[in-house]
Amino acid sequence: MSDDNFKIQRNLWENPWGYVESFFIGFGLIITGLFLEVFSSSKNAFTISYPYNVFFLVGYMLLLFMLFKWFSNTQLIRWLTKVPASISSIALVTFMVMIMGIIPQVTSQNNLINNLGLNHITSNWAFLLILFQFLTCLGLISIKRILQFKWSNFGFILNHVGLFLTLIAGILGTGDLQRLSLNVYEGKPNWIATDLNGQEVELPFAFYLKDFLIDEYNPKLALVDNKTGSISHNDGKNLYLVEKGETYYFHNFEVKINEFFPNSGRFGKRYEPVNEIGSPPSASISVKNTKTDSVQNAWISSGSFRYPYESFKISEDYSVVMTIPEVKKFSSDIDILTKEGERISTILEVNKPYKYKGWKIYQLSYDEKMGKWSNLSVLELVKDPWLPLIYTGIFMMIAGAIYMFWMGNKITKNN
Amino acid sequence: MTWIDFPLYGSIIGILWIIGLLFLVISYKKQAVLKIANLLFITGWAVLLLFVIKLWLELDRPPMRTLGETRLWYATFLPLIGFVTYIRWKYKWFLAYSIGMATMFLAINYLNPETYSKTLMPALQSPWFIPHVLVYLFSYAVLAASSIVAIKGWYDSYKQKFNIETLKLADNLVYIGFAFLTLGLLFGALWAKEAWGHYWTWDPKEVWAFLTWMGYLIYIHYRNFHIHKTKQALTILAMAFVVLLVCWFGVNYLPVANTSVHTYTNY
């Protein structure tokens, strides 16, 4: 290890390789990758799926073991198991990810970005190559520590093997990951889903939507600038919820909510509660100008896809409006119908997916224009056979993090 | 027991904790006083726990739905993390730090009564919400502290009186903070799997959270193998904190911001 204590004059590429050589190799990989991006004809992302990813995983692990076992005296392997290689690859992976964090990952107007593939970093050859070096370092160093069979390596192995498993399973699993979305309308069974590329996929079971339900929060009250049309109170944050009997204050206006109907319709000069599709919420308000003591009454409504909104102009500068209610919760009461004639009832909700035959079924969306009157529910089906391996890695890292918190670092402990 | 009682309970807890903090300051001069401080902290915490339990029973659901309730949980768990860290690492100011943050959350709740912010979008309504945010909150606080130590280190070496103990303190803080950072990241991944169907989607906030994690990873590896290169270590620590700040506040201003699921305007 190159420390301050022994500064020996050495030439580039002389044994052992240090930071300069490491970054040289790392940048070499990145430049090679970028050349591949520019000159390779295929614009499809590089993925491998079952069974080739399993072959790759087994082959890669065997290769790492063999390299460590029989070639650990070679220049290359010694370099890969030393700190400069690790730190340089961490730094360069960080560098590539930073590009992803700055350049939006969509087709760009800048041709240089498009040609170098900087708008699809996750499948960019430069990123994949440097990540491969990173993983190889991580894998070799893990093997080295595992084969030492020492309890003191416990935390180290949890963290390093955990990360290795999570990354490799995440990368190789991409090829087997299936994400389908499925539209299901109330009362009509459906078994045709679409994948991410818009291809239709026929499922071995069907979904039947009995009921789609939305809970909404009450709408909010906002003060709008008549000239700009923007909300001019609290920067649009923390608006007041419309609730009967509440009084709120905007500048020199006192707004009292006399009545609130979640579903209503206009009858002449006022709103009345009704129960029909597209009936918007409404409220009767009294606005008192505390400077002049004048009081005005009005009805306001946030409107819906069927009815226009109604605001109330309280002065030359400001109007009071009711915002469109935010969704509190949405859920689908569904039946899963199998070919064998089975019928499984369940309720899908955001954050509460349902597991069925290796699929995880999620409540994804609905007809947002129709809002709470939507009779469409959009479901998502995800199958990720590599998940157990990824979770193993994640839980190892969680255990490793707790170990790390408790044990601290060796530098502090040794002293 | 509802939020109507909160000002009463909140003030009792606040007063107990603030007096406790005063005793903690005194204990730097007179060690014996620390016991009184701890007693006050624990009493305050017990009152808070009582409030949370009663609120829970009254509402007949876990009080986890509104932002005010979320802050209540932060205030409940921060002292707990602070105590565990104190028991293990004996940094007194650490305890003060976490109690101070908890008091701040109680104060925010006191100043913003419930009517202000009741809405929470469906994806956020999850048992993962509180642990995910809480460990990040704590991690950022600890890592921020490590940066303050780094600045002290820079200043000291500029004055030619650098003490290696400063860097050791920074190391320890980074280890504690990094452990929590890892937990926050992984809890987020597990939650995302439940909410959005995938554990990692390279959302801009995720990208920068990953970068923050990598930044501190570089620091840890560098420190482990180049114990005597203190200046470089301090530089890496400072850079990692810049990345953390980008992740925390800066992401919203980057060109990638509009594709993020993490850009909620109010927490």
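All values reported here derive from a predicted model rather than from experimental measurement. No hydrogens, no waters, no symmetry mates; every other heavy atom, side chains included, goes into these values. Numbers restart at 1 for each chain; the letters A, B, ... are given by sequence-line order, proteins then strands.
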For the residue pair [X] and [Y], establish whether any side-chain heavy-atom pair is separated by less than 4.5 Å.
X: A:Asp384; Y: B:Tyr199; value: yes
X: B:Trp208; Y: A:Ile102; value: yes
X: B:Phe178; Y: A:Met404; value: yes

For [X], which atoms come within 4.5 Å of any heavy atom of chain B: side chain, backbone, both, or neither?
X: A:Ile214; value: neither
X: A:Val382; value: side chain
X: A:Ile121; value: neither
X: A:Asp215; value: neither
X: A:Thr166; value: neither
X: A:Tyr362; value: side chain
X: A:Leu387; value: side chain
X: A:Leu364; value: neither

Nearest heavy atoms of [X] and [Y], plus distance in Å:
X: A:Asn351; Y: B:Ser126; value: ND2-CB, 3.3 Å
X: A:Ala91; Y: B:Ile218; value: CA-CD1, 3.8 Å
X: A:Pro104; Y: B:Pro255; value: CG-O, 3.7 Å

Counting neighbours of [atom1] on [X] that are heavy atoms of other residues, nucleotides or ligands and sit closer than 6.0 Å, is the number greater than 12?
X: A:Lys355; atom1: NZ; result: no
X: A:Leu128; atom1: CG; result: yes
X: A:Lys383; atom1: NZ; result: yes
X: A:Lys329; atom1: NZ; result: no
X: A:Lys372; atom1: NZ; result: yes
X: A:Phe95; atom1: CZ; result: no

| task | Applying side chain to side chain contact (heavy atoms under 4.5 Å, CB included) between B:Leu217 and each of A:Ile90, A:Thr94, A:Val93, report the one that passes. | result | A:Ile90
| query | Parallel, tilted or perpendicular for B:His221 and A:His160, by the 30°/60° rule? | reply | perpendicular
| Mind checking whether B:Tyr222 and A:Tyr19 have parallel, tilted or perpendicular rings, split at 30° and 60°? | tilted
| request: Name the region of B:Val243, side chain, backbone, both or neither, that has any atom closer than 4.5 Å to a heavy atom of chain A. | output: side chain
| Pairing residues for A:Ser230 by the side-chain hydrogen bond (donor to acceptor under 3.5 Å, both in side chains) criterion, not counting sequence neighbours | A:Thr228
| Can you name the side-chain hydrogen bond (donor to acceptor under 3.5 Å, both in side chains) partners of B:Trp213, sequence neighbours left out? | B:Thr182
| query | Counting N and O atoms only, with roles assigned by atom type, does the side chain of B:Trp89 sit under 3.5 Å from a partner on the main chain of A:Phe405, one being a donor and the other an acceptor? | reply | yes
| Side-chain donor or acceptor of B:Gln125 paired with backbone N/O of A:Lys328 under 3.5 Å | yes
| request: With a 4.5 Å cut-off on heavy-atom pairs, point out which of B:Ile176, B:Leu186, B:Leu185, B:Ile220 contacts chain A the most. | output: B:Leu186
| remark: Most heavy-atom pairs under 4.5 Å with chain A, out of B:Val84, B:Val246, B:Leu211, B:Leu169, belong to B:Leu211
| A:Ile394 CD1 to B:Lys193 NZ distance, which is reported to the nearest 0.5 Å | 10.0 Å
| Could you walk me through whether A:Met100 and B:Trp202 pass the side chain to side chain contact (heavy atoms under 4.5 Å, CB included) check? | CA-CA 9 Å; A:Met100 178 176 1; B:Trp202 292 112; 3.8 Å; yes
